[in-house]
Amino acid sequence: MSEPTTESLNFIEEIVEDWMGKNPGEHIITRFPPEPNGYLHIGHASSICLNFGLTNKYGGYTNLRFDDTNPTTEETEYVESIKNDIKWLGFDWKNEYYASDYFNNLYEFAKILIQKGLAYVDDSSSETIAQLKGTPTKPGENSPFRERAIAENLDLFERMKLGEFPDGTRVLRAKIDMSNPNMIMRDPILYRIKKAHHHRTGDDWCIYPMYDFAHGQSDSIEKITHSICTMEFIPHRELYDWCIENLEIFPSKQYEFARRNLNYTITSKRKLLQLVNEGHVSGWDDPRMPTISGMRRRGYTAAAIRNFCDKIGIAKRDNIVDMALLEFCVREDLNKSTDRLMAVLDPIKVVITNYPEGKTEQLAIENNPEDENSGSRAIPFSNTLYIESEDFMEEAPKKYFRLTLGGYVRLKGAYIIKCDEIVKKSDGSIDYLKCSYAENSKSGQDTSGIAVKGTIHWVSVPHAVQAEVRLYDRLLSVPDPSEFPEQDFKDFINPNSLVTLKNVPVEPAMANIQPGTVVQFMRKGYFCCDLDTKDGQLVFNRTATLKGDMPKF
RNA sequence: UGGCUGAUGGUGUAACGGUAGCACAAGUGAUUUUGGUUCAUUCAGUUAAGGUUCGAAUCCUUAUCGGCCAACCA
């Protein structure tokens with residue numbers, strides 16, 4: 001009965017479907033190639049969903065390959081975090097590989113190029129090499145070492161490997177074209193000397209291949225059919241193809257898409273590392289970070305992140321995705337799955353004068369109205385309660401639906417109360433509210449006939465449990481710091497990105513929540529029980545507020 | 001001033017020569033024991049100018065505006 005809807009494909013899917021049409025019976029192979037020099041962030045999530053999503057959809061498989069060709073910045077800690085994050089996101093790789101697995105192959109490839117007269121050892125300093133490289137508008141000049149004999153190149157390269165020369169004294173370069181309009185092709189450096197300890201190969205090597213001499217060949221060795229990367233690698237594709245062609249190896253193909261940007265945050269590993277190192281955040285997994293581990297700690301779910309990546313799509317144009325869409329995906333998922341509990345973030349006390357002193361009633365309340373299988377729980381009610389201070393106004397405008405002096409309001413799951421008197425301190429601030437309740441207004445069996453405009457949450461004072469609550473907000477105070485290139489992005493860190501509340505009264509059921517669990521604090525937002533929770537000291541992170549602004553009065 | 005790449009509502013993304021659609025955001029209304037959810041509804045777009053065509057977001061030309069490229073980083 002439904003219309004035959006033709007699913008719309010992104011341009012990468014079109015390329016894949018086209019490939020499959022031309023290669024019947026074969027399957028695609030993709031790879032996710034992180035450099036282990038930082039934690040994965042939301043931009044990587046997009047790439048992960050793309051690469052793994054493609055092979056989930058079309059068959060074939062995806063490898064995880066660490067691009068570990070620079071020993072000075074790469075660490076095992078990052079390898080572990082990356083694997084953990086990918087698994088948490090819900091994806092499985094076929095093979096776990098490392099570019100460093102291929103150091104021998106790459107070394108042999110280099111010798112092949114030398115023998116073909118397509119690579120040479122250059123003794124120039126890095127300054128000289130930069131100088132002779134020219135500029136985008138000015139062609140480069142040949143290195144004086146460019147015409148070295150093949151045998152001499154072979155010998156020198158061998159001795160570079162043997163460790164005979166200090167760091168930075170020699171490099172191996174491809175012999176291509178110093179006047180190529182694409183600067184990447186102006187005799188790119190293939191190997192450099194770095195007497196550094198590698199996280200996997202230890203001290204086996206003192207020469208390491210550059211990205212351009214490792215990535216394409218690694219793809220080729222793994223027979224990657226579709227090597228998907230971001231737009232800034234477009235100029236590198238010419239060199240990618242050049243290496244594969246001259247080495248006569250499996251012709252992997254590179255395709256580029258535009259990296260996804262999110263407003264009010266940054267996704268630059270360099271800048272993220274700066275935030276961590278300089279202590280602007282508590283670590284890579286600080287809930288304000290756009291890292292996968294940060295979002296996880298904040299309470300975002302893997303399903304929400306996957307859905308977000310699906311919704312923002314894949315294209316080639318520059319983009320800054322609205323954070324509101326990510327939050328929408330988070331709320332959409334959490335709304336269906338989280339239990340509703342009560343916590344009073346900014347409490348004022350209410351005494352119900354006509355409710356027996358010392359009496360406790362257990363009231364039944366449903367856990368999640370969006371999930372009929374979620375059941376219900378009992379919450380204790382007494383004559384002394386906390387309510388949210390913003391839920392009371394002495395004199396209120398017409399549109400104010402909550403408690404006012406002389407007005408009525410419903411306590412969620414309990415009774416209707418009326419505020420009879422405000423008891424003030426000597427400084428004029430509110431000490432507590434004297435209220436009366438309607439005994440026949442009990443939730444679910446209300447015969448009072450009192451019409452109330454609003455329902456508010458509450459916690460019984462004698463039964464309350466204390467918690468620390470961390471209110472997180474957007475990391476930056478401007479949507480796009482790149483609009484201010486003269487300024488340091490750290491100047492834009494939102495000073496209110498974290499507000500910590502101590503001794504927040506929460507209902508007793510909260511004490512049984514396990515770290516990592518997300519619940520909704522009724523009317524206040526979604527909150528995730530933090531890993532710092534221990535020995536009965538509860539800590540909650542605000543994952544997201546509820547949608548819409550409560551009108552401010 | 002070189003090369004590469006891109007341009008569709010506020011944001012993101014479709015439409016592949018034939019009705020510019022979807023989602024988010026924003027607004028309005030209904031429902032609601034969460035000012036949540038849900039439902040209904042409104043606002044709002046093809047960078048510009050030419051050309052080809054019965055017909056152009058789509059093809060061609062020119063212009064304009066963005067992004068990337070001069071690490072022994074990836």
Side-chain angles (χ1 to χ4, degrees), chain A residues 6-10 14 33-35 37 67-70 72-74 99 122 124-126 129-131 133-140 167-173 180-186 189-194 207-208 210-212 214-215 229-238 256 258 260 263 269-270 308 311-329 331-332 335-336 340 342 365-366 369-370 399-402 409-414 416 443-444 446 452-457 479 520-525 545-551:
Chain A
T6 47
E7 179 207 14
S8 78
L9 306 174
N10 65 49
E14 286 180 0
E35 183 189 10
N37 67 345
D67 231 331
D68 56 350
T69 57
N70 184 0
T72 54
T73 56
E74 295 154 4
D122 194 335
S124 307
S125 67
S126 85
I129 290 176
Q131 210 153 40
K133 193 141 200 168
T135 69
T137 53
K138 187 177 126 243
D167 287 13
T169 53
R170 284 181 169 83
V171 290
L172 182 73
R173 300 178 72 180
N180 196 305
N182 178 358
M183 294 198 63
I184 300 292
M185 299 298 280
R186 320 242 261 226
I189 292 172
L190 270 21
Y191 263 94
R192 77 286 215 189
I193 302 171
K194 257 184 205 274
I207 54 171
Y208 292 93
M210 299 288 289
Y211 165 85
D212 284 310
H215 200 92
C229 61
T230 45
M231 300 281 282
E232 65 268 26
F233 289 97
I234 288 177
H236 295 255
R237 187 175 64 224
E238 196 176 351
E256 310 87 7
R260 323 310 293 174
N263 62 13
K269 275 201 271 185
R270 207 195 89 246
F308 170 74
K311 278 185 151 66
I312 61 178
I314 295 295
K316 298 183 85 154
R317 73 179 92 124
D318 293 342
N319 60 83
I320 302 178
V321 181
D322 196 339
M323 179 71 87
L325 181 59
L326 212 206
E327 294 191 328
F328 166 81
C329 293
R331 292 190 188 107
E332 185 184 41
N335 174 52
K336 290 178 296 194
R340 274 62 169 169
M342 296 201 280
I365 189 168
E366 58 184 341
E370 301 296 315
K399 299 282 261 181
Y400 189 80
F401 301 159
R402 291 103 94 182
V409 81
R410 159 136 253 139
L411 295 174
K412 176 68 189 179
I416 291 173
S443 188
D446 182 0
V452 291
K453 283 188 291 185
T455 300
I456 63 172
H457 60 280
Q520 184 189 117
F521 285 6
M522 178 96 40
R523 303 205 306 135
K524 295 284 27 159
T545 58
L546 259 22
K547 191 192 169 214
D549 290 313
M550 271 232 279

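Reminder, nothing fancy here: chain letters follow the sequence lines and each chain counts from 1.
In this structure, the separation between CD on A:Glu256 and NZ on A:Lys316 is 6.0 Å, given to the nearest 0.5 Å. Atom CD1 of residue A:Ile365 and atom OG of residue A:Ser443 lie 7.5 Å apart, to the nearest 0.5 angstrom.
Ion pair A:Arg173/A:Asp122 flagged as a salt bridge, since at least one NZ, NE, NH1 or NH2 atom sits closer than 4.0 Å to an Asp/Glu carboxylate oxygen.
Using C1' as the reference atom, B:U46 and B:A7 are 10 Å apart when rounded to the nearest Å. B:G21 and B:A14: their C1' atoms are spaced 7 Å apart (whole Å). Nucleotides B:G18 and B:C59 place their C1' atoms 15 Å apart, quoted to the nearest Å. Rounded to the nearest Å, the gap between the P atom of B:A30 and that of B:U8 is 38 Å. Look at the C1' atom in both B:G29 and B:C43: the space between them is 15 Å, to the nearest Å. Only the P atoms considered, B:G3 is 16 Å distant from B:U61, to the nearest whole Å. For B:A56 and B:U38, the P atoms lie 41 Å apart once the distance is rounded to whole Å. Distance check on atom P: B:G67 versus B:G12 gives 14 Å, rounded to whole Å.
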Original post:
Which letters describe nucleotides 68-74 of chain B, given B = protein heavy atom under 4.0 Å from base, S = only from sugar-phosphate, - = neither?
Top reply: S-B-BSB

Original post:
In the 5'-to-3' direction, what one-character label does each nucleotide of nucleotides 20-40 of chain B receive under the scheme B = base within less than 4.0 Å of a protein heavy atom, S = sugar-phosphate only, - = no such atom?
Top reply: ---SSSS------BBBBS---

**OP:** Under 3.5 Å for both distances, Watson-Crick or G-U wobble, that's the pair rule; now give the dot-bracket for RNA chain B, with | marking pairs to another strand and [ ] for crossing ones.
**Re:** .((((((..((((....[..)))).(((((.......)))))....(((((..]....))))))))))).....

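Classified by interplanar angle (parallel below 30°, tilted 30° to 60°, perpendicular above 60°), the ring pair A:Phe233/A:Tyr211 is tilted.
Between A:Lys412 and A:Ile456 the shortest side-chain heavy-atom distance does not fall below 4.5 Å. Proximity of A:Thr545 to A:Lys524: side-chain heavy atoms (C-beta onward) are nowhere separated by under 4.5 Å. The closest side-chain heavy-atom distance from A:Arg402 to A:Arg410 is not below 4.5 Å. A:Val409 is not listed as a side-chain neighbour of A:Ile416, based on a closest heavy-atom distance of 4.5 Å or more. At a threshold of 4.5 Å between non-hydrogen side-chain atoms, the residues A:Tyr191 and A:Val171 do not count as touching. Between A:His457 and A:Leu411, every side-chain heavy-atom pair lies at or beyond the 4.5 Å cut-off.
Applying the 90° cutoff around 0 to the glycosidic angle, B:A15 is assigned anti.
One interatomic measurement links the two molecules: CD1 of A:Ile312 to P of B:A14, which rounds to 11 Å at whole-angstrom precision.
Across the interface with RNA chain B, nearest-nucleotide mapping of A:Thr137 and A:Asn319 shows A:Thr137 to be the residue nearer the 5′ end.
No more than 12 heavy atoms of other residues, nucleotides or ligands sit less than 6.0 Å from atom CD of A:Gln131.
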